[in-house]
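Taking it in order: structure first as structure tokens, then the write-up.
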Amino acid sequence: MLKKTLIAASAISLSAFALTACGGDSDADSKGGDSDGKITMGFAQVGAESGWRTANTKSIQETAEAEGIDLKFTDAQGKQENQIQAIRSYIQQKVDVIAFSPVVETGWDAVLQEAKAANIPVILTDRAVDSEDTSLYKSFLGSDFVVEGERAGDWLVENAADSDTNGDGKVNVVQLEGTTGAAPAIDRAEGFAEKIAADPTIEVTASQTGDFTRDGGKQVMESFLQSDDTIDVVYAHNDDMGLGAIEAIEAAGKKPGEDIKIITVDAVKDGMTALSEGKINFIVECNPLLGPQLMDLAKKVVDGEEVEARVLTEEGTFTPEQAKEVLADRQY
Ligand code: GYE
């Protein structure tokens with residue numbers, strides 16, 4: 001059903017959108033925010049690839065409901081073309097505001113221009129787009145992924161001696177990358193590389209995408225372990241891939257957290273549990289609870305208020321001891 005609607009929407013050209021807009025679709029208008037004061041938001045989510053994403057979706061859905069915002073929600077199953085189709089269908093439905101978390105950084109200009117031509121404000125949440133034209137969106141709400149990568153790199157530089165688990169004077173790191181072309185994958189690799197450059201004993205010996213999933217992390221780690229028995233450290237761009245790597249390491253008869261150190265990003269409950277058990281050594285936090293800040297921004301842009309072009313979320317880092325302290329109170 002949904003697939004059909006989306007395909008139909010994508011087949012409509014830009015001029016057809018303009019015509020519909022001029023003709024005034026009364027049905028859509030009567031459902032829109034203007035007549036009953038209720039804001040309609042179209043949200044195009046990446047997918048359900050990780051614990052982080054599940055918590056993010058829940059936060060958005062629960063906050064929209066609490067704030068009386070009519071939320072139209074689609075899950076793109078990790079595919080950019082699905083997100084583009086969803087955004088086009090939101091334009092056609094004349095929602096008041098569009099928000100989305102772009103699966104990859106590039107390739108958004110055309111559809112964002114269509115939203116702009118239809119006078120529908122767009123808010124980027126969680127991930128950025130790589131576009132020269134910043135007038136295509138009102139604000140970008142989310143973490144600084146370069147800083148997250150730097151925090152992971154700083155920890156490794158500080159703990160380099162301890163992390164040389166086989167004592168050969170070198171710290172061999174394998175990297176489990178997030179989705180290829182996604183902002184958090186690009187930036188977390190960059191921030192990490194910048195920091196570890198300070199210590200010539202640390203080297204990334206292999207790096208491959210695990211697509212931010214547990215299964216992806218497990219499979220890539222299995223192949224890394226088969227071809228290299230000198231791995232000291234895993235740097236995974238999210239908890240889920242780190243958890244997959246733990247399974248692969250245990251299956252290979254090694255002890256995660258001891259024989260091979262593990263650094264991850266996110267700090268979702270399963271990650272924090274593994275951290276408290278000493279199977280992960282360090283987690284850089286990335287907060288998925290973007291719902292309240294997103295709905296706040298949406299109300300402002302729909303009211304025509306100026307908003308900050310960049311809204312950052314606040315986050316920290318966790319060691320195993322700190323994980324034990326905060327685990328019981330964590331919401332996600
Ligand atoms: O770290 C990962 C998810 O974009 C920040 O996407 C998000 C990332 C998050 O799949 O777990």
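Remember, it's 1-based here, ligands and their atoms both numbered in the order they're listed.
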> Hey, is Asp240 one of the residues with a heavy atom under 4.0 angstrom from ligand 1?
Replying inline: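 Outside the 4.0 Å threshold, so no.
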
> At a 4.0 Å cut-off, with the gap strictly under it, does some heavy atom of Asp126 reach an atom of ligand 1?
Replying inline: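 Judged by the 4.0 Å heavy-atom criterion, Asp126 does count as contacting ligand 1.
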
Donor-acceptor list for residues 248-267 side chains, cut-off 3.5 Å, not counting sequence neighbours:
from   : atom 1 : to     : atom 2 : distance (Å)
Glu250 : OE2    : Lys279 : NZ     : 3.0
Asp259 : OD2    : Lys255 : N      : 2.6
Thr264 : OG1    : Asp239 : OD1    : 2.7

>> Any non-hydrogen side-chain atom of Ser89 less than 4.5 Å from a side-chain atom of Lys72?
In response: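 Of all side-chain heavy-atom pairs linking Lys72 with Ser89, none is under 4.5 Å.
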
> To the nearest 0.1 Å, how far is atom 11 (O) of ligand 1 from its closest protein heavy atom, and which atom is that?
Replying inline: Asp266 OD2, 2.7 Å

> What is the nearest protein non-hydrogen atom to atom 6 (O) of ligand 1, stated with its residue, atom name and distance?
Replying inline: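 The closest heavy atom on the protein side is Arg127 NH2, 2.9 Å.
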
Can you establish whether the number of heavy atoms outside [X] located under 6.0 Å from its atom [atom1] is more than 12?
{"X": "Glu81", "atom1": "CD", "answer": "yes"}
{"X": "Glu305", "atom1": "CD", "answer": "yes"}
{"X": "Lys269", "atom1": "NZ", "answer": "yes"}

Should you measure from each heavy atom of [X], which atoms of ligand 1 turn up under 4.0 Å away?
{"X": "Ser50", "answer": "2 (C), 3 (C), 10 (O), 11 (O)"}
{"X": "Glu49", "answer": "3 (C), 6 (O), 10 (O)"}
{"X": "Pro184", "answer": "4 (O)"}
{"X": "Cys286", "answer": "5 (C)"}
{"X": "Arg53", "answer": "3 (C), 4 (O), 6 (O), 7 (C), 8 (C)"}
{"X": "Asn238", "answer": "2 (C), 11 (O)"}
{"X": "Phe145", "answer": "5 (C)"}
{"X": "Phe212", "answer": "2 (C), 10 (O)"}

Are [X] and [Y] ion-paired here, with the side-chain N under 4.0 Å from a carboxylate O?
{"X": "Glu148", "Y": "Arg188", "result": "yes"}
{"X": "Lys170", "Y": "Glu203", "result": "no"}
{"X": "Glu315", "Y": "Arg151", "result": "no"}

> With sequence neighbours left out, what residues match Arg310 under side chain to side chain donor-acceptor pair (under 3.5 Å)?
Replying inline: none

> Taking heavy atoms and a distance under 4.0 Å, where does Arg188 meet ligand 1: side chain, backbone, both or neither?
Replying inline: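 For Arg188, the contact with ligand 1 is made by the side chain alone.
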
